[in-house]
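Just so you know, residue 1 is the first one in the sequence shown, and it goes up from there.
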Amino acid sequence: MTTAPHRAAPVGREELLARIERALHARGRALLTGPAGVGKTELALAEAARAEARGETVVWLAPLPSDRDIPGAAAAALVASAAATVTSPVPGPMAPAPGVLASGVFDELPGPQRTAVAMLCREAPIDAGGWDPIALRLGIARILRALTGSGPVLLVVDGVQHVDADSADLLRFALHLAPPALRVVAVETPEPYGEVHEPYREQHRPEDPHATHLWVPSEADVLLVPPLAADEIAELLIHHRLPSRMAGRIHRASGGNPRLALAVGRSLADARTPLHHAEALTLSGRARDLARQLLGAAPAAVRETLLLAALALRPSATLVRRAGRPNAEADLAAAERAGLVSLAEDGSVTFTAGLLPSTLVHDACWAERSAGHAALAEVVDDPVEAVRHRALATDSPDEELAAEVAAAADLARRRGNSALAAELALLAAESTPGRHGGQRIARLVDAAEEAARAARADLAMRAATDLLARDASPSDRVRARLAVLDTAGQGLTGLDEMYVHAMEDSEGNTALRAAVQLRLAVKYVLADGDPERSRAAAVESAALAASMGDPRTAAQALTVQARMERALGSPDAEAVLAQARALELAERPLGIRNAAQILTIRHALFDGRLVEARDELGALLPLVQRRGSVEDAIELLSTLAEIESRIGPCGAALAHAGQSLALTLEAGLSPGPAWYALALAETAGGSFARAASYARRSVQASEEEGDRVFLSRSRYALGRVQLINGDVAAALETLRRVQADERAQSTVDPSMLRWHEELAEALLAQDAADEALALLAEVRPVAERLGRSTVLLGCDRAYALWLAAEGRTDEAADLLTRTADSFGRARLPLERGRALIALARVERRRRRRSAAQSALHAAAAVFERAGAAPWLALAGEPPAVGAGDGPGSGSGAEEALPALSSLTEGELRLARLVCQGASNQEAAAKLYLSVKTVEARLTRIYQKLDVRSRAQLATALRP
């Protein structure tokens, strides 16, 4: 027996754990099934930990593969575990001790049963006729019943497919007679190719192929453990301190199988290859070994069929059969039963994990791959695919073939398949003979730039590496390096050498120097957090581009400059942005991420002109989705989600943020920005708990990438939801870090990240009223100078809370009423609803219950129209006590205690801690206060409640 360590729910398995709990509560039996590595044992461990936390006894039985051939092996192990459970008061890993029958659990066994159990455990010689099967059945059943004598027991059988036939018969009988206090979780990994053990399978599981033979199928719930989604794989990687940037590609490589995903992630980490170089997932070690184990169970004929499917772009049973595998349907059906592929109704084939086809291709010899591509080239019905297969079937460079591949790349680009276009462009370059050196270099440059448009860093790096090893001109080297930089996304740290070489090679080429300076301007703000230096690089880039008559680069540089001018609080920001808009071409530029058009929309977002911003985005998004790059679509979807998170519909915000994340993971970009958008969307229309989870992930991913801009944003999102949830101490710590980050980056404009009002509210909730007032006094003049009206409204809401904390509740109520009305006129419904919730709390302090209810009803109506589900739930709660409490704090228990309305939230928390027995020192540590502050605050509490001791305080706090 082993008892599982206490552990949290495995990543992405909270709902499945809840289903296990419900199944055990209803029927006492649950079977977890699924492929190897999907996380069944982790789920069983988590359920065992929960059982232990409830005081239950956990018995862990894990048969080995060799046990299947030893009669009674699993049953004997269970008897030994039962003995260890009874004799050892301290649970833990136990080796079966000699003389298990000496345990008290066997004292009351009748003689025949005791003898049979002794024979099973080899503590008595086995008679010529063997043990008495009936006595042994009854003995095992009595032992299991005895286990529950001291309370509920959870039996975990991890690996029931390894239980021998005799043990299965014994356990099936014993479990059928077991009391309800004995609950069972069974873990089964189906055999990949059932024909090996078919007689065994037929004997023990004739009714249901997914039901364990430990019980009749109708006696238990069968729970299939599914693979993880890409977002969950990203969280899993972060949990194991592995880079999350590659989560999308790792998800495809692993098929969502946690064991495979971790093996792939560790393979990349062990390779010590920079992430922007590692997009191709060149794998070795454990990852390949796991894939080979899965594939190795398939017969050779099936693997040959799978190789052809792996080489095809759009594999199907028909295509593979025509390419020379007459038994393709049967082979693929066998592979599907083994969990290697899935087959659609139309016969199309999808590998369950991308690592499987890549391993098949990796392990095949050149002759096998060449023959496969040649066969596929003859039967595919698409000319682009046919050219690709012909090129891959030969290793002899050929100019005529290279030209055909280049033309196919152009056709794929026009079709909108940018990833295939990038692959073909590189294949065209690699198919070019060496004697056509100039042509090969030109094609390598085209391939690198095509890869950049497709966000394929692996292909861009391959093209650039090939080019830089040749006698290329400085301009070609710069273009190749810029393509690599453009695929780095948020992860610009560690690329300094690339920038240095680009600057050296652009010497004397004004146009290329302008392009390099533009990339540097982006790096300085993202990776270095230096908007001053970024602005200077953008100014130089714009001037150089203008001198060369390059309006597109000039417009992009002016756009970056305008962004920095705004961050630095310069009044010139809008004028610079207008220059950029004027320079932009009449047609939509190739990309919009650095375009003035999208920055204009973001400025409208910052200024609170959200309906205008949403309308402009709505018109632009279909064009970008049809013709733009992946990063363009991600940018627009994230911005749209951010807007909808403030004005609604909040359900649309969740949908757009989810699309942004899916595209991000698919492209292999940093998920930090997309997780930030999801945190905002969840805060508005989903779940505060999920919002906090996404914000934490965004913080970790942004730290991993060295992205200072989104590090501040994600901390802001986290601090905000912590404050809403009433976790004031954590919110204060997080928001102080945002304050430090923004000041370190010299950010002046308060509209770009509205952390000031959140920090002020957190300070008020901690009774730091003077500091909150000083913060508001600092930000208000800047907002007035820059004309940031919505920031001023946020300051008004926080200032009203300060007035209430000072006892000036009439002034606070008047200001909150005006602020809520102003938010309504500005078409900011969620802000209006939040001000109304604050007003309800102040009205409650004024003993105006009817006015408080009216404010809450008004807030609820606002949130309902906007689809702001978590806020609607808050508006339905009784208003909590205190001026500075966050929207989610307070239980409402104090509603019946008018005297408590004089306490601030900080004083109320201290009073509760003291009544729970905390000393002044302990309370100071928990509330992050000094002991003197706690003493002074307790004195005020005693005065307000007219009490003189801790006992009287406890009485006053009692509902």
Side-chain angles (χ1 to χ4, degrees), residues 249 252 279-282 308-315 319 323 354 357-358 361-362 366 369-370 372-434 436-467 470 472 476 479-480 482-484 486-487 590-591 626-631 666-668:
R249 295 180 187 271
R252 288 198 302 276
E279 305 282 340
L281 295 179
T282 302
L308 270 181
L311 294 173
L313 280 178
R314 294 177 297 136
L319 179 67
S358 73
V361 174
H362 177 275
W366 160 250
R369 296 197 304 271
S370 176
H373 282 300
L376 289 167
E378 296 297 324
V379 297
V380 293
D381 57 4
D382 179 63
V384 172
E385 294 182 30
V387 171
R388 172 183 175 270
H389 284 302
R390 289 211 319 274
L392 292 172
T394 178
D395 60 352
S396 301
D398 179 270
E399 174 56 30
E400 183 177 348
L401 178 60
E404 286 188 68
V405 178
D410 290 336
L411 181 55
R413 184 186 307 111
R414 290 195 298 272
R415 290 177 178 177
N417 193 338
S418 57
L420 179 58
E423 179 191 347
L424 290 171
L426 181 56
L427 185 57
E430 293 174 342
S431 300
T432 305
H436 296 83
Q439 182 70 275
R440 183 181 181 106
I441 288 174
R443 285 174 176 157
L444 286 170
V445 173
D446 289 342
E449 293 178 339
E450 191 66 52
R453 285 188 286 273
R456 286 292 304 271
D458 58 324
L459 301 181
M461 179 53 67
R462 273 177 55 189
T465 301
D466 191 344
L467 183 143
R470 299 177 182 277
D476 287 336
R479 290 173 63 188
L482 292 180
V484 173
D486 289 345
T487 60
L590 289 178
R626 246 189 348 259
R627 296 185 298 168
S629 70
V630 173
E631 290 183 279
E666 177 74 17

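- Interatomic distance, NE2 of His389 versus CG of Leu311, reported as 7.5 Å (0.5 Å rounding).
- How far CG of Leu424 is from CD of Glu450: 9.5 Å, rounded to the nearest 0.5 Å.
- At least one donor-acceptor pair under 3.5 Å links the side chain of Ser431 to the backbone N or O of Leu427.
- Using a distance-only test at 3.5 Å, with no hydrogens or angles considered, a donor-acceptor pair links the side chain of Arg440 to the main chain of Thr432.
- A heavy-atom distance below 4.5 Å is found between the side chains of Asp410 and Arg414.
- Taken from CZ in Arg453 to CD in Glu631, the straight-line distance is 12.5 Å, to the nearest 0.5 Å.
- With rounding to the nearest 0.5 angstrom, the CD atom of Glu423 is 9.5 Å from the CG atom of Asn417.
- Contact detail for Ala460 and Ala451: the closest heavy-atom pair is N-CB, 3.4 Å.
- Closest approach of Pro357 and Ala310 over heavy atoms only: CB-CB, 3.5 Å.
- If you take CE on Met461 and OG1 on Thr487, they are separated by 7.0 Å, rounding to the nearest 0.5 Å.
- The two atoms that bring Leu308 and Leu376 nearest to each other are O-CD1, 3.8 Å, heavy atoms only.
- Nearest heavy atoms, Ala483 versus Ala452: O-CB, 3.7 Å.
- Counting all heavy atoms, side chain and backbone alike, Ala428 lies closest to Val405 at N-CG1, 3.6 Å.
- Using a distance-only test at 3.5 Å, with no hydrogens or angles considered, no donor-acceptor pair links the side chain of Thr394 to the main chain of Ala391.
- Here the side chains of Arg479 and Asp446 are in contact, with some heavy-atom distance below 4.5 Å.
- Salt bridge status for Arg443 with Asp466: absent, with no side-chain N to carboxylate O gap under 4.0 Å.
- Residues Asp395 and Arg369 fail the side-chain proximity criterion, which asks for heavy atoms closer than 4.5 Å.
- Counting heavy atoms from C-beta outward, Leu420 and Leu313 have side chains that approach closer than 4.5 Å.
- Taking the side chain as every heavy atom from C-beta outward, Leu401 and Arg390 approach each other to under 4.5 Å.
- Proximity of Leu444 to Arg470: side-chain heavy atoms (C-beta onward) are separated by under 4.5 Å at one or more points.
- Between the CD atom in Glu399 and the CD atom in Glu404 there is a gap of 11.0 Å [rounded to 0.5 Å].
- The shortest heavy-atom contact between Ala480 and Ala448 is CA-CB, 4.3 Å.
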